**Student:** 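I'd like to ask some things about the structure below.
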Amino acid sequence: MLDADFFDRDTLLVARELVGKVLCRKLQGVWLKARLVETEAYMAREKASHGSLGLTPSRKALWAPPGTIYMYWSRAGDSMNTSTRGAGNGVLLKGAVPVFDEGELGRAQRALMHGLNPRRGGGRRPEHRLCAGQTLLCRSLGLTIAEWGGRPFDREALYLQDDGYRPAPLLAAPRLGIHPERDAHLPWRFLDGGNLRSVTKNPLSARGAREGVDWWVIDPQSGEVRR
DNA sequence: CCAAAGATGCGCT
DNA sequence: GCGCATCTTTGGG
């Protein structure tokens, strides 16, 4: 389990390193798992962040110790963040791929997650799109503001794990849904280039998207753009 | 009231 | 698989 020390570091470093980690959540006696393919960093000192809007009761988790869960209602549902080092800073868990075990356990995991997050008209989503979005991830793991907002991760019920997987290539891109005047240009969205069909929106497939302009390959050690 | 750190179906390729 | 219009719910002014 990633502990408080993991989160008590620079927000950009935490956001980068969270890509590829596994979010584990126990529900009805079954461990559900999803590997993060997409995160976004938000800092109180820039205008896109909720931290920059100031400390209110609903946002206080961003001021709580690193590794505290900050949840908020986005347009389409509940969204999950973790606080990091620095008052008002955090990382949004933006997309994932489900991880299923073999056999009977895997069947139970599939049934639970698809049941929690069915397609609108009923029926199943394609597996690679089940957690492809910040609210889809929360829905398919049964994560709500009421239950988890303001709490720390918990090895008995909800935690993040490093299972050795490393995204390759690691990509960076501007964050989604940010208005131009609110620091939209900052390339603080991090993606697993090997799982782009499971991200909210593939930054490489946008019309005219160019490396070095709309997206970058990042060296996972240094965090620098690869040249 | 209304902007907001989204999701969806639909038409097209 | 892509772009777009449309729908959604809530916190905060």
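Below, read A as the first sequence line, B as the second, and so on, with proteins coming before strands; counting in each chain starts at 1. Just so you know, these numbers come straight off a predicted model, no measurement behind them.
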**Student:** Respond yes when some side-chain nitrogen or oxygen of Ser205(A) is under 4.0 Å from OP1 or OP2 of dG1(C), and no when none is.
**Tutor:**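 For Ser205(A), the contact criterion (side-chain N or O under 4.0 Å from OP1 or OP2 of dG1(C)) is not met.
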**Student:** Counting neighbours of CD on Glu181(A) that are heavy atoms of other residues, nucleotides or ligands and sit closer than 6.0 Å, is the number greater than 12?
**Tutor:** yes
**Student:** dA4(B) and dC7(C): how far apart are their C1' atoms, nearest whole angstrom?
**Tutor:**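 The answer is 14 Å between these two C1' atoms.
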**Student:** Rounded to whole Å, please give me the gap between CG in Leu53(A) and P in dA3(B).
**Tutor:**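 Those two atoms, CG and P, are 15 Å apart.
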**Student:** Which one of Trp73(A), Tyr72(A), Tyr42(A) satisfies the ring-ring contact (aromatic ring centres under 6.0 Å, His included) criterion with His50(A)?
**Tutor:** Tyr72(A)
**Student:** Once you round it to whole Å, what is the distance between C1' of dG11(C) and CE of Met71(A)?
**Tutor:**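 Going from CE in Met71(A) over to C1' in dG11(C) covers 16 Å.
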**Student:** Looking at the side chain of Leu136(A), which of dG6(B), dG1(C), dT8(B) is the nearest nucleotide?
**Tutor:** dT8(B)
**Student:** Please classify the nucleic acid contact of Arg119(A) as base, sugar-phosphate, or nothing, using heavy-atom distances under 4.0 Å.
**Tutor:** nothing
**Student:** When the distance from NZ of Lys60(A) to P of dG11(C) is rounded to whole Å, what number comes out?
**Tutor:** 14 Å
**Student:** Salt bridge between Arg189(A) and Glu38(A), side-chain N to carboxylate O under 4.0 Å?
**Tutor:** yes
**Student:** Does Arg9(A) have more than 12 heavy atoms from other residues, nucleotides or ligands lying within 6.0 Å of its CZ?
**Tutor:** yes
**Student:** For Arg175(A), answer base if it contacts any base atom (sugar-phosphate contacts may also be present), sugar-phosphate if it contacts only those atoms, and nothing otherwise; contact means non-hydrogen atoms under 4.0 Å.
**Tutor:** nothing
**Student:** Rounding to an integer number of Å, can you tell me how far Glu181(A) CD sits from dA3(B) C1'?
**Tutor:** 11 Å
**Student:** Ignoring backbone atoms, establish whether His179(A) has a side-chain N or O less than 4.0 Å from OP1 or OP2 of dA4(B).
**Tutor:**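 The answer is yes; a side-chain N or O of His179(A) sits under 4.0 Å from OP1 or OP2.
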**Student:** Expressed in angstrom and rounded to an integer, what is the separation of Lys94(A) atom NZ from dA7(B) atom P?
**Tutor:**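 Distance check: Lys94(A) NZ to dA7(B) P gives 6 Å.
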**Student:** Nearest to the Thr200(A) side chain among dG6(B), dG3(C), dA7(B), which nucleotide is it?
**Tutor:** dA7(B)
**Student:** Which listed nucleotide (dA5(B), dG6(B), dG1(C)) is nearest to the side chain of Tyr42(A)?
**Tutor:**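 The answer is dA5(B).
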**Student:** Under 4.0 Å: is that the gap between some side-chain N or O of Ser79(A) and OP1 or OP2 of dA5(B)?
**Tutor:**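 For dA5(B), neither OP1 nor OP2 has a side-chain N or O of Ser79(A) closer than 4.0 Å.
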**Student:** Does OP1 or OP2 of dG12(C) have a side-chain N or O of Arg59(A) closer than 4.0 Å?
**Tutor:** yes
**Student:** Tyr70(A) and Trp148(A): aromatic ring centres closer than 6.0 Å?
**Tutor:** no
**Student:** Answer yes or no: are there more than 12 heavy-atom neighbours, outside Arg155(A) itself, under 6.0 Å from its atom CZ?
**Tutor:** no
**Student:** Thinking salt bridges, do Arg35(A) and Asp192(A) make one under a 4.0 Å N-O criterion?
**Tutor:**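 Answer for the salt bridge query: no.
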**Student:** Rounded to whole Å, please give me the gap between NE2 in His50(A) and P in dA5(B).
**Tutor:** 5 Å
**Student:** Quick one: Leu92(A) CG to dA5(B) C1', roughly how many Å, whole number?
**Tutor:**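 For the pair Leu92(A) CG and dA5(B) C1', the rounded distance is 6 Å.
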**Student:** Of the candidate nucleotides dA5(B), dG6(B), dT9(C), which contains the atom at the shortest distance from the side chain of Ala76(A)?
**Tutor:** dG6(B)
**Student:** Please report the distance, rounded to the nearest Å, between CD in Glu38(A) and C1' in dA7(B).
**Tutor:**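 Those two atoms, CD and C1', are 13 Å apart.
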**Student:** Anything below 3.5 Å on both distances counts as a pair; with that, list the stems of at least three consecutive Watson-Crick or G-U pairs involving DNA chain C.
**Tutor:**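 Stem list for DNA chain C: B:1-4 with C:9-12, B:6-12 with C:1-7.
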**Student:** Say we look at dT6(C) and dA5(B): how far apart would their P atoms be, to the nearest angstrom?
**Tutor:**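 Result for the P pair: 22 Å, nearest Å.
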**Student:** Between Arg166(A) and Glu17(A), is the closest basic N to carboxylate O distance under 4.0 Å?
**Tutor:**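 Between Arg166(A) and Glu17(A) there is no salt bridge, as every charged N stays at least 4.0 Å from the carboxylate O atoms.
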**Student:** Answer yes or no as to whether dG11(C) has its base stacked against Trp73(A), where stacking requires a ring-centre separation under 5.5 angstrom and planes under 30 degrees apart.
**Tutor:** no
**Student:** Base, sugar-phosphate, or nothing: which does Asn202(A) touch, judged by heavy atoms less than 4.0 Å apart?
**Tutor:** nothing
**Student:** Please classify the nucleic acid contact of Arg125(A) as base, sugar-phosphate, or nothing, using heavy-atom distances under 4.0 Å.
**Tutor:**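 Sugar-phosphate contact only.
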**Student:** State which of dA5(B), dG3(C), dG12(C) makes the closest approach to the side chain of Thr56(A).
**Tutor:** dG12(C)
**Student:** Consider only side-chain N and O atoms of Arg197(A) and Asn202(A), and report whether a donor and an acceptor are under 3.5 Å apart.
**Tutor:** no
**Student:** Could you pick out which residue, Arg182(A) or Pro118(A), lies toward the 5' side of DNA chain B when each is mapped onto its nearest nucleotide?
**Tutor:**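 On the 5' side of the pair lies Arg182(A).
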**Student:** Would you say dG12(C) has OP1 or OP2 under 4.0 Å from some side-chain N or O of Ser58(A)?
**Tutor:** yes
